[in-house]
Amino acid sequence: ETNALVACFLELPKAKQAGVRNVVMGISPKDMNRTPSLAGEYYCLRALYEMGFIDDAWSHLCAEWSPQALSGASTNWEGKGPDSRSCCHAWASGANAFFIQEVLGIKPLTAGYDTLIISPKPGTLKSAKGQCWTPHGIVKVDWKFRSSTEWQLEITAPRAIKVTVDIVRQTALNNVKQIVKRIKI
């Protein structure tokens with residue numbers, strides 16, 4: 001977790017990023033003590049995204065949270081199995097926040113979601129769809145690659161929310177026609 005926190009909150013030199021990625025992903029050192037809880041894994045996801053390892057972050061999210069999702073769990077486990085100390089652990093729900101903020105790209109710019117930015121980072125994902133509850137109502141984002149040369153983003157948001165779209169230049173969106181639809185409700 002310490003390596004992840006450093007990468008989340010400090011701008012690491014490129015020369016250090018690969019080493020932190022390897023620690024976060026459990027690649028090296030082999031005998032290290034991995035993060036024992038899903039609560040700490042949120043910072044691992046954030047660190048990978050902050051350093052630009054988008055696909056590693058998505059792979060890490062799937063590896064760490066899939067067991068509970070596939071088990072049919074309706075709450076978040078504290079540890080990495082149903083036999084952990086708590087099977088209703090709110091701060092282990094980092095995958096939800098990560099999905100909303102990074103994969104869908106929904107981020108508030110002001111308190112109460114009066115203004116927000118939509119800035120998804122697809123990496124190698126082909127589509128994502130989800131929603132975020134706000135005091136003004138639900139914001140929905142649905143994006144997909146319609147073909148290898150066309151990417152579509154559809155946003156549905158309450159009229160009371162000012163929405164800015166910022167498509168971060170990334171490999172997945174290079175040389176791709178972008179279609180952005182905004183629907184106000």
Heavy-atom closest contact ([X] atom, [Y] atom, distance):
X      : Y      : result
Met51  : Val20  : CE-CG1, 3.9 Å
Leu12  : Gln17  : O-NE2, 3.1 Å
Cys62  : Pro67  : O-CD, 4.3 Å
Val163 : Ala157 : CG2-CB, 3.9 Å
Leu116 : Pro108 : CB-CA, 4.0 Å
Asn76  : Ser93  : ND2-CB, 3.2 Å

Discussion item. Can you tell me if Tyr43 has over 12 outside heavy atoms packed within less than 6.0 Å of its OH?
Written reply: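 No.
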Discussion item. Is it the case that atom NZ in Lys140 sees more than 12 heavy atoms from other parts of the structure closer than 6.0 Å?
Written reply: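 12 or below, so no.
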Discussion item. One thing to verify: whether Asp114 and Lys162 come together as a salt bridge, which I'm taking to mean a side-chain N less than 4.0 angstrom from a carboxylate O.
Written reply: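 Answer for the salt bridge query: no.
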Fill in: Pair Arg46 + Glu102: basic N to acidic O under 4.0 Å
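Yes, this pair counts.
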Just by distance, do the side chain of [X] and the backbone of [Y] share a donor-acceptor pair under 3.5 Å?
X      : Y      : value
Thr75  : Cys87  : yes
Ser59  : Asp55  : no
Ser147 : Glu150 : yes
Ser66  : Ala63  : no
Thr134 : Tyr113 : no
Tyr49  : Lys121 : yes

Can you find a pair of side-chain heavy atoms, one from [X] and one from [Y], that are under 4.5 Å apart?
X      : Y      : value
Leu125 : Trp143 : yes
Leu104 : Ile118 : no
Val103 : Pro120 : no
Ser127 : Phe145 : no
His60  : Cys44  : yes

What's the spacing between [X] [atom1] and [Y] [atom2] if we round to 0.5 Å?
X      : Y      : atom1 : atom2 : result
Trp65  : Leu45  : CH2   : CG    : 4.5 Å
Gln68  : Ser74  : CD    : OG    : 10.0 Å
Glu41  : Glu64  : CD    : CD    : 4.0 Å
Thr156 : Asp142 : OG1   : CG    : 8.5 Å
Cys132 : Ile100 : SG    : CD1   : 4.5 Å
Glu154 : Lys129 : CD    : NZ    : 8.5 Å

Practice prompt. Using the side-chain contact (heavy atoms from CB on, under 4.5 Å) rule, take Ile161 and Val139 through it: C-alpha gap first, then chi angles, then the decisive distance, then the call.
Written response: CA-CA 9 Å; Ile161 299 175; Val139 174; 3.7 Å; yes
Worksheet entry | Hphob cluster co-occupancy, Tyr42 + Trp77, side-chain heavy atoms under 4.5 angstrom |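 Result: no, two separate clusters.
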Item to complete: Establish whether Trp151 and Val165 are linked, either directly or via other cluster members, by ILVMFWY side-chain heavy-atom contacts under 4.5 Å.
Response: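 Yes; Val165 is reachable from Trp151 via cluster members.
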